[in-house]
Amino acid sequence: MQRVRKAIIPAAGLGTRFLPATKAMPKEMLPIVDKPTIQYIVEEAIESGIEDIIIVTGKGKRAIEDHFDNAYELEQTLLNKEKFDLLYKVQEPTKMVDIHYIRQKEPKGLGHAVWCARNFIGNEPFAVLLGDDIVKAETPCLKQLINENNRTHSSVIGVKRVPDNETNRYGIIDPIDQNGRSYQVRNFVEKPELGTAPSNLAIIGRYIFTPEIFMFLDKQEVGAGGEIQLTDAIQKLNQIQRVFAYEFEGKRYDVGEKLGFIETTIEFALEKEELRDDLLKFMAGKLDLN
Ligand code: G1P
């Protein structure tokens with residue numbers, strides 16, 4: 001089986017949870033401390049061995065393209081001022097990897113966004129990374145799934161346990177059999193109503209697919225929330241080829257909603273030497289007040 005070389009990053013969503021910040025700015029450009037969330041995702045893809053990335057964008061997403069492009073004037077100014085450390089930071093996202101773009105012309109859902117990139121992928125296995133989750137792990141999360149794909153030669157879906165009262169926010173798996181971190185799956189269910197979830201193993205935005213997924217995305221009808229759901233196509237793929245779920249190792253940060261975004265920002269800031277002590281003092285002051 002061919003190696004996984006290409007990745008799709010869907011970034012066409014409206015970002016309604018962060019309005020009005022996302023009225024004129026893509027939610028993928030919201031920074032965790034000083035780096036846009038989408039850069040963390042691109043870095044994970046590269047560290048996992050991905051060579052070509054396609055970002056599926058939509059209206060109002062130009063800033064993403066600009067971020068991964070050269071910024072001549074800014075670079076020249078920094079060079080003239082001999083601010084080499086900043087120059088490095090500005091150039092880093094440009095040098096990382098070849099990034100391609102395609103627009104999803106209508107907001108028809110995640111399954112449709114992935115389908116939009118079908119010609120770029122062609123007939124080989126590929127990865128999908130969603131921007132709402134950042135994962136910190138010894139082996140990058142996507143690399144763990146690629147390793148599992150090398151072992152099983154099958155599609156592999158990243159999962160993590162979530163609390164029972166959050167299962168309605170995710171795609172949930174109905175596992176049959178477990179082998180270490182790997183599960184065989186009976187059903188993949190998109191956003192089951194609370195109390196009806198078959199498990200609390202939730203799909204967390206990292207996928208490896210065989211190209212056959214496009215057969216189902218081609219004719220996928222709308223599902224939960226009136227959108228074309230990727231999970232529904234996975235469920236159909238699982239009827240003709242085994243699709244494994246893999247409970248990846250590492251800590252997952254949900255940057256797709258406000259509280260998770262703030263928690264992630266604080267945790268990542270505490271890891272920065274230049275911020276840590278002052279931030280701890282500030283937080284201790286807040287606690288004293290209560
Ligand atoms: C999407 C998927 C869902 C998955 C989730 C992970 O939902 O449809 O299966 O669990 O991402 O973040 P969304 O968050 O786009 O509604």
Side-chain angles (χ1 to χ4, degrees), residues 7-19 22 26-28 30 37-38 40-41 44 55-58 61 104 106-117 127-135 141-142 145 155-175 183 185 187-194 196-209 213 216-217 220-238 243-248 250-261 263-264:
I8 302 175
I9 303 180
L14 296 177
T16 45
R17 289 192 193 125
F18 288 92
L19 281 170
T22 48
K27 71 167 177 177
E28 294 77 11
L30 293 173
T37 54
I38 194 162
Y40 290 92
I41 307 297
E44 181 187 322
I55 301 182
V56 184
T57 65
K61 301 281 183 168
Q104 182 186 26
E106 296 159 88
K108 286 186 174 173
L110 179 61
H112 180 257
V114 170
W115 178 83
C116 288
V128 174
L129 301 97
L130 306 188
D132 282 349
D133 291 287
I134 294 176
V135 182
C141 176
L142 189 70
L145 301 196
S155 297
V156 181
I157 313 299
V159 295
K160 261 269 184 257
R161 287 188 190 280
V162 298
D164 288 343
N165 62 353
E166 289 180 15
T167 47
N168 60 341
R169 287 175 42 198
Y170 299 92
I172 300 288
I173 68 160
D174 181 4
Y183 295 86
V185 181
N187 285 312
F188 293 83
V189 192
E190 181 66 10
K191 303 199 175 89
E193 280 183 26
L194 281 182
T196 67
S199 77
N200 61 353
L201 286 164
I203 299 175
I204 303 290
R206 299 292 187 276
Y207 311 79
I208 304 292
F209 289 117
I213 189 76
F216 299 103
L217 289 174
Q220 191 57 54
E221 286 166 5
V222 294
E227 297 192 336
I228 297 178
Q229 295 292 352
L230 184 57
T231 306
D232 295 343
I234 298 172
Q235 166 69 4
K236 293 207 173 115
L237 180 65
N238 194 35
V243 176
F244 287 88
Y246 188 80
E247 194 175 353
F248 55 86
K251 179 156 184 201
R252 163 214 171 211
Y253 297 86
D254 181 0
V255 297
E257 51 95 27
K258 280 182 218 167
L259 184 61
F261 187 89
E263 287 170 356
T264 309

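Numbering of ligands and ligand atoms starts at 1, following listing order. Since the model is a prediction, treat every value here as computed from it, not as a measurement. Numbers here are sequence positions counted from 1.
Nearest protein heavy-atom contact of atom 9 (O) of ligand 1 is E190 OE1, 2.7 Å. Looking from atom 6 (C) of ligand 1 to the surrounding protein, the closest heavy atom is I203 O, 3.4 Å. Of the protein's non-hydrogen atoms, D132 OD2, 4.4 Å is the one closest to atom 14 (O) of ligand 1. Ranking protein heavy atoms by distance to atom 12 (O) of ligand 1, first place goes to D133 OD2, 3.5 Å.
A salt bridge links R169 with D254: the distance from a Lys NZ or Arg NE/NH1/NH2 to an Asp or Glu carboxylate oxygen falls below 4.0 Å. Between E247 and R161, at least one side-chain nitrogen of the basic residue sits less than 4.0 Å from a carboxylate oxygen of the acidic one, meeting the salt-bridge criterion.
Proximity of L230 to ligand 1, defined as any heavy-atom pair under 4.0 Å, is not found for any part of the residue.
Aromatic ring centres of Y246 and F248: separated by at least 6.0 Å. Between Y40 and Y253, the ring centre distance reaches or exceeds 6.0 Å.
Near G171, meaning under 4.0 Å from any of its heavy atoms, are these atoms of ligand 1: 3 (C), 4 (C), 9 (O), 10 (O). Below 4.0 Å from some heavy atom of Q229 lie the following atoms of ligand 1, by number and element: 8 (O). Listed by number with element, the atoms of ligand 1 under 4.0 Å from a non-hydrogen atom of T231 are 9 (O).
Checking only distances, R169 never comes within under 3.5 Å of ligand 1, N or O to N or O. Checking only distances, Y170 never comes within under 3.5 Å of ligand 1, N or O to N or O.
The shortest separation from a heavy atom of L130 to ligand 1 is under 4.0 Å, placing the residue in contact. K191 counts as a contact of ligand 1, since one of its heavy atoms falls under 4.0 Å from the ligand.
Residues V56 and A113 approach most closely at CG2-O, 3.5 Å, considering heavy atoms. Shown here for V114 and P10, the closest heavy-atom pair between the two residues is CG2-CG, 4.3 Å.
Test L30, T37, I41, D133 against V255 for side chain to side chain contact (heavy atoms under 4.5 Å, CB included) and you get one pass: T37.
The shortest distance between side-chain heavy atoms of V185 and P175 does not fall below 4.5 Å.
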